[in-house]
**Q** 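Here it is: the structure, laid out below.
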Number of protein chains: 2
Amino acid sequence: MRISELARAAGCHLETVRYYERIGLLPRPLRSGAGYRSYGPRDVERLRFIVRSRALGFGLDEIRGLLRLAAAGDLPCGEADELARTHLAQVEAKRRELDAMAAELRGMLDACRHGTTATCTILRALAERG
Amino acid sequence: MRISELARAAGCHLETVRYYERIGLLPRPLRSGAGYRSYGPRDVERLRFIVRSRALGFGLDEIRGLLRLAAAGDLPCGEADELARTHLAQVEAKRRELDAMAAELRGMLDACRHGTTATCTILRALAERG
DNA sequence: GCTAAGGCCCGTAGCCGCTACGGAGTCAAC
DNA sequence: GTTGACTCCGTAGCGGCTACGGGCCTTAGC
């Protein structure tokens, strides 16, 4: 299959496929006579793995590690567990951060009595506190 | 005061001050004889406003708008309200996204029986689903 | 006066993960 | 044969910084 079909099958942008190839996350594919990239089912699998990992927030370097582990069949999976656990901790930290932001924004919005910019609690809060 | 003092007073990196100046978020300051930047209390206020807005997740362009509104005393503050409200919605959307990621990661980790990479539920989940 | 340590100057390049652009070659259908 | 969709490639841009390198300035101690 050609690049756009692969991209569609895996659920990403065509340019993203080229990008992943450039940074060595996808192997260089076979080429047709005219120089078009040619992919098979294993490429779909690999790209899907990447897209799915991205959706869970893993970075591309972490994904490199996950792919390596997935390719090696017989290792104990402690390393994969560790990777995922560390990543989960980061996701949760980020979520808590956003939670705090949202709470503060809601507080500012609730307090706003919709007067002028001179008395606006939103602008005052940004100007005065911290 | 000089640039590093301003940065310390507002709680950001010195290079960030230069960056904000470069993109027009901070005005070009006075200079000492030797060409050193020279700041006053109003600069601290303005930079604090920016740092605080950044901490709440506003983008630099949004902050430009907030600063403009804060400077104009007599406008109705509906625009500031709107900006904050839109931003809050984005923060909450992002938070929900991270929530979903975290839940899925926890599910994968809980299922893992710590065997080999061949049977690891984490790697299987990434490979097979989606 | 001399030296050494620290600050500050500037422009530029790098980070992540894409996404877009432009100009050219290719392929299939009508 | 011509249209239109697809693909090729390299490079530049996004946001929001952060770091680097080479050089000037200031300050303190001797």
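Below, all heavy atoms of this structure are taken into account, side chains as well, without hydrogens, waters or symmetry copies. Every chain is numbered from 1 and lettered A, B, ... according to where its sequence line falls, protein lines coming before strand lines. A quick note: this is a predicted structure, and the numbers were derived from the prediction, not measured.
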**Q** State yes or no: do A/Y39 and A/Y36 share one hydrophobic cluster built from I, L, V, M, F, W and Y residues joined by side-chain heavy-atom distances below 4.5 Å, directly or via other members?
**A** no

**Q** Within the pair B/H13 and D/dG16, is there a side-chain N or O less than 4.0 Å away from OP1 or OP2?
**A** no

**Q** For A/R31, I'd like to know if atom CZ has over 12 heavy atoms of other residues, nucleotides or ligands within 6.0 Å.
**A** yes

**Q** With a sphere of 6.0 Å drawn around CG of A/D74, does it hold more than 12 non-hydrogen atoms of other residues, nucleotides or ligands?
**A** no

**Q** Whether B/S32 contacts D/dC25 is assessed here as follows: a side-chain N or O lying under 4.0 Å from the phosphate OP1 or OP2. Is that the case?
**A** no

**Q** Please name all residues satisfying side-chain hydrogen bond (donor to acceptor under 3.5 Å, both in side chains) with A/R54, sequence neighbours left out, ordered by chain then number.
**A** none

**Q** In whole angstrom, give the distance that lies between atom NE2 of A/H87 and atom P of C/dC16.
**A** 16 Å

**Q** How would you summarise protein contacts on nucleotides 3-10 of chain D per nucleotide, using B for base, S for sugar-phosphate only and - for none, with heavy-atom distances below 4.0 Å?
**A** ---BSSBB

**Q** Would you say the side chain of A/R52 lies within less than 4.5 Å of the side chain of B/E104, judging by non-hydrogen atoms?
**A** yes

**Q** Take atom CG of B/L6 and atom C1' of C/dG7, then tell me their distance rounded to the nearest Å.
**A** 15 Å

**Q** Can you give each donor-acceptor pair under 3.5 Å made by side-chain atoms of residues 2-26 of chain B, sequence neighbours left out, with the distance rounded to 0.1 Å?
**A**
from, atom 1, to, atom 2, distance (Å)
B/H13, ND1, B/E15, N, 3.1
B/E21, OE1, B/R37, NE, 2.7

**Q** For residues B/F49 and B/V44, determine if any side-chain heavy atom of one lies less than 4.5 Å from a side-chain heavy atom of the other.
**A** no

**Q** Round to a whole Å and report the spacing from CG of B/L47 to C1' of D/dC17.
**A** 14 Å

**Q** How close or far is atom C1' of D/dG15 from atom CD1 of B/I50, stated in whole angstroms?
**A** 15 Å

**Q** Measure the distance from CG on A/D61 to C1' on C/dG17 and round it to the nearest whole Å.
**A** 12 Å

**Q** Round to a whole Å and report the spacing from CD1 of B/I23 to C1' of D/dT18.
**A** 14 Å

**Q** Is B/Y20 near enough to D/dC17 that one of its side-chain N or O atoms lies under 4.0 angstrom from OP1 or OP2?
**A** yes

**Q** What's the OH-P distance between B/Y19 and D/dT18, to the nearest Å?
**A** 10 Å

**Q** Rounded off to whole Å, could you give me the CD-to-C1' distance for the A/E62 and C/dC16 pair?
**A** 12 Å

